[in-house]
**Q** 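To start, I am sharing the structure in question, which I have written as structure tokens.
All figures in this text were calculated on a predicted structure; none of them were measured in a lab. Order of appearance sets the numbers: ligands from 1, and atoms from 1 within every ligand.
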Amino acid sequence: MEHQLKIYNSLSREKELFVPLNPPHVGMYSCGPTVYNEVHLGNLRTFTTFDVVFRYLTHLGYKVRYVRNITDAGHLTNDAGEGVDRIEESAKLEQLEPMEVVQKYTNSFHEVCSTFNLLPPSIEPTATGHIVEQIEMVKQILKNGYAYESHGSVYFDVRKYMEKYKYGELSGRNVDDLLEGTRDLDGQEEKKNQADFAIWKSVAPNHLQRWVSPWGEGIPGWHLECSAMGTKYLGKQFDIHGGGMDLKFPHHECEIAQSVGADGIEPVRYWMHANMLTVNGDKMSKSKGNSFLPRELFEGTHPLLDKGYAPMAVRFFMLQAHYRSTLDFTNEALQAAEKGFARLMNAYKVLHELSYVNDTAKRSDAEIADVKKLCKEVYEKMDDDFNTAEAIAVLFDMAKKINSYKEGVISISTIDEETFNTLKTTFTAFIKDILGIDKEEKQDDNVTEGLMELILELRKDVRAKKDFAASDKIRDLLLKVGIQVKDGKEGTTWTKN
Ligand code: AMP
Ligand code: ZN
């Protein structure tokens with residue numbers, strides 16, 4: 001099948017045909033988490049978006065190098081490179097080494113990714129592991145005249161840059177306003193312009209995280225780390241860069257300026273931005289106090305939740321919206337998604353239990369055309385800027401077909417074997433490889449406990465009747481599923497192997 005994959009490019013604000021720089025290779029970067037606390041569900045929506053992009057491109061046969069960084073230094077509370085250092089703040093609050101904070105939340109991020117069936121990226125570079133590359137990039141920008149040193153920090157000179165290049169194109173910001181107040185540094189002010197941003201930031205001697213640089217001890221600028229790591233692993237220009245919509249400005253705007261300032265070339269061919277997860281219309285964010293941790297969602301322990309939801313149902317819920325639409329989080333929407341998810345997964349199970357029966361007398365060209373159309377359509381939806389919402393709608397139509405074949409409402413022999421196989425491979429590829437919603441859920445321990453109590457009670461009954469053959473059979477069958485039963489003086493106990 002020929003694919004005409006189109007991607008909405010935030011820079012041109014148009015859907016463009018995807019033509020990689022070096023096919024079959026695709027270079028893709030997405031901004032990773034700042035590991036100073038646990039990721040919330042909003043963050044996860046963005047990571048899931050790019051997981052599906054990675055999965056789909058891979059499915060289409062591209063050799064994707066997917067780089068998703070870990071921000072473990074340099075991210076200050078104010079995105080312009082000012083304010084409190086987030087990792088430093090957590091370290092002080094939790095009385096941990098900064099790198100302990102980093103490790104703790106990196107581990108927790110990885111756990112969440114695995115629970116939500118996110119594939120690991122090809123490379124997961126850290127800012128602290130690339131200080132040398134960042135210093136080199138700062139030097140290059142300074143050498144090209146697009147930055148200046150001030151009080152041990154280095155700032156990107158937006159006005160100078162705008163003499164030659166455009167700034168603000170990605171986000172549509174009018175930077176002229178910001179540039180109004182240009183001034184010479186008077187010793188008080190560090191920046192020439194409000195729009196300038198730190199690419200190297202000097203820190204006080206008691207700052208926990210700090211590195212030696214030609215400008216004194218400091219930390220790299222947050223925006224700079226993505227530019228340095230993207231360039232290092234994907235080249236001066238690469239195919240796709242992703243992140244949440246809220247990163248367009250200043251983060252991604254600054255990334256463009258830095259790369260152009262250092263290498264004179266636009267770094268990214270297709271900019272992709274995921275829209276926000278909202279709660280009752282408000283962006284989910286830690287500072288607003290409306291964020292759910294994934295754990296709270298499974299356990300149903302957040303006050304805004306009626307009950308707990310399984311990770312795959314939540315992943316499905318997110319994919320039921322197109323990544324460029326906002327997605328509002330409500331109990332009702334989640335419960336509807338839970339039902340839809342169960343329906344789809346049931347059809348998936350049914351499909352794998354169905355056996356094809358060949359009966360040419362029953363063949364129907366119309367039915368064959370119908371199924372083939374669905375199998376084509378589902379790809380067309382994905383090719384249309386990764387429209388998972390519409391692809392899922394087609395999967396539901398396919399599920400209807402599958403159920404009709406199972407129940408005999410439509411004979412499976414109306415389609416030929418090849419069409420049946422296409423249906424099977426397409427449906428399976430979407431559930432497993434592209435949407436990634438087939439992860440086995442962890443056994444619910446409460447259910448296991450309850451079932452074991454019931455089984456052992458029944459076994460007690462048969463033993464009371466001296467039916468030891470039945471009692472041993474139960475014991476042996478349990479052993480086969482990994483449960484060991486022990487009969488002791490105190491009664492019967494069991495353990496999981
Ligand atoms: P951070 O760790 O704050 O740098 O955020 C990690 C990623 O999550 C970034 O790509 C953000 O754009 C994204 N993000 C933050 N809040 C939300 C939200 N409510 N919905 C979707 N994505 C978000
Ligand atoms: Zn970034």
Side-chain angles (χ1 to χ4, degrees), residues 10 28-51 53 67-79 81 83 86-87 90 101-102 105-106 108-109 112-113 116 118 121 124-127 130 134 170-171 197 199 220-234 238 240-259 267-268 271-294 314 317-319 321-329:
S10 308
M28 168 172 158
Y29 189 96
S30 112
C31 295
T34 305
V35 282
Y36 70 112
N37 63 17
E38 289 182 73
V39 291
H40 60 64
L41 216 65
N43 305 134
L44 209 68
R45 181 186 186 200
T46 293
F47 297 131
T48 306
T49 296
F50 295 103
D51 179 57
V53 171
V67 181
R68 188 187 63 209
N69 69 296
I70 294 279
T71 297
D72 59 351
H75 197 171
L76 308 184
T77 43
N78 174 327
D79 287 341
R86 295 181 191 215
I87 306 247
S90 287
V101 170
V102 163
Y105 293 113
T106 302
S108 126
F109 172 61
V112 171
C113 287
F116 275 92
L118 267 68
E124 196 174 47
T126 60
H130 295 79
Q134 294 172 84
L170 179 70
S171 57
F197 54 91
I199 51 180
W222 171 44
H223 313 308
L224 191 82
E225 87 182 56
C226 288
S227 294
M229 294 190 281
T231 309
K232 168 149 183 160
Y233 297 110
L234 300 170
F238 54 89
I240 300 174
H241 192 314
M245 204 89 110
D246 56 341
L247 297 190
K248 263 193 200 172
F249 190 89
H251 188 54
H252 292 158
E253 205 72 78
C254 296
E255 275 190 46
I256 297 175
Q258 290 161 162
S259 290
V268 176
W271 278 99
M272 291 182 69
H273 289 96
N275 213 327
M276 296 291 107
L277 183 72
T278 57
V279 185
N280 301 319
D282 276 339
K283 175 189 165 187
M284 180 180 282
S285 81
K286 194 114 194 159
S287 56
K288 285 206 176 106
N290 66 353
S291 63
F292 302 115
L293 298 180
V314 177
F317 164 72
M318 295 199 193
L319 297 178
H322 184 221
Y323 75 90
R324 282 193 291 120
S325 319
T326 52
L327 173 62
D328 199 39
F329 195 94

**Q** Could you tell me the residue and atom name of the protein heavy atom closest to atom 10 (O) of ligand 1, and the distance to it rounded to 0.1 Å?
**A** G244 N, 3.0 Å
**Q** List the closest protein heavy-atom neighbour of atom 20 (N) of ligand 1: residue, atom name, distance to the nearest 0.1 Å.
**A** L277 N, 2.8 Å
**Q** Is the H252 ring parallel, tilted or perpendicular to the H273 ring (thresholds 30°, 60°)?
**A** tilted
**Q** If you measure every N/O of M245 against every N/O of ligand 1, is any gap under 3.5 Å?
**A** no
**Q** We want to know whether N69 and Y29 form a side-chain donor-acceptor pair, criterion being a heavy-atom distance below 3.5 angstrom.
**A** yes
**Q** Which residue supplies the protein heavy atom nearest to atom 2 (O) of ligand 1, what is that atom called, and how far is it?
**A** T34 N, 3.1 Å
**Q** Within less than 2.8 Å of the Zn ion (ligand 2), any N, O or S from H223?
**A** no
**Q** Which heavy atom of the protein is the closest neighbour of atom 9 (C) of ligand 1, given with residue, atom name and distance?
**A** L247 CD1, 3.7 Å
**Q** Measure N275 to ligand 1 on non-hydrogen atoms and call it side chain, backbone, both or neither using the 4.0 Å cut-off.
**A** backbone
**Q** Heavy atom to atom 7 (C) of ligand 1, shortest distance: which of F47, Y323, Y36 holds it?
**A** F47
**Q** Hey, mind stepping through F109 and F47 against ring-ring contact (aromatic ring centres under 6.0 Å, His included) and telling me if it holds?
**A** CA-CA 11 Å; F109 172 61; F47 297 131; 5.2 Å; yes
**Q** With the Zn ion (ligand 2) at the centre, find the angle made by SG from C31 and SG from C226, to 10°.
**A** 130°
**Q** Starting from atom 15 (C) of ligand 1, which protein heavy atom do you reach first, and at what distance in Å?
**A** N43 ND2, 3.2 Å
**Q** Tell me whether the rings of H251 and W222 are parallel (<30°), tilted (30 to 60°) or perpendicular (>60°).
**A** parallel
**Q** When you measure from atom 21 (C) of ligand 1 to every protein heavy atom, which one gives the shortest distance, and what is it?
**A** G42 O, 2.9 Å
**Q** Which residue and atom name correspond to the protein heavy atom nearest atom 22 (N) of ligand 1, and how close is it?
**A** T46 OG1, 2.7 Å
**Q** With side chains defined as the heavy atoms from C-beta onward, is the minimum distance between L41 and M318 less than 4.5 Å?
**A** yes
**Q** In terms of residue, atom name and distance, what is the protein heavy atom nearest to atom 11 (C) of ligand 1?
**A** D246 OD1, 3.4 Å
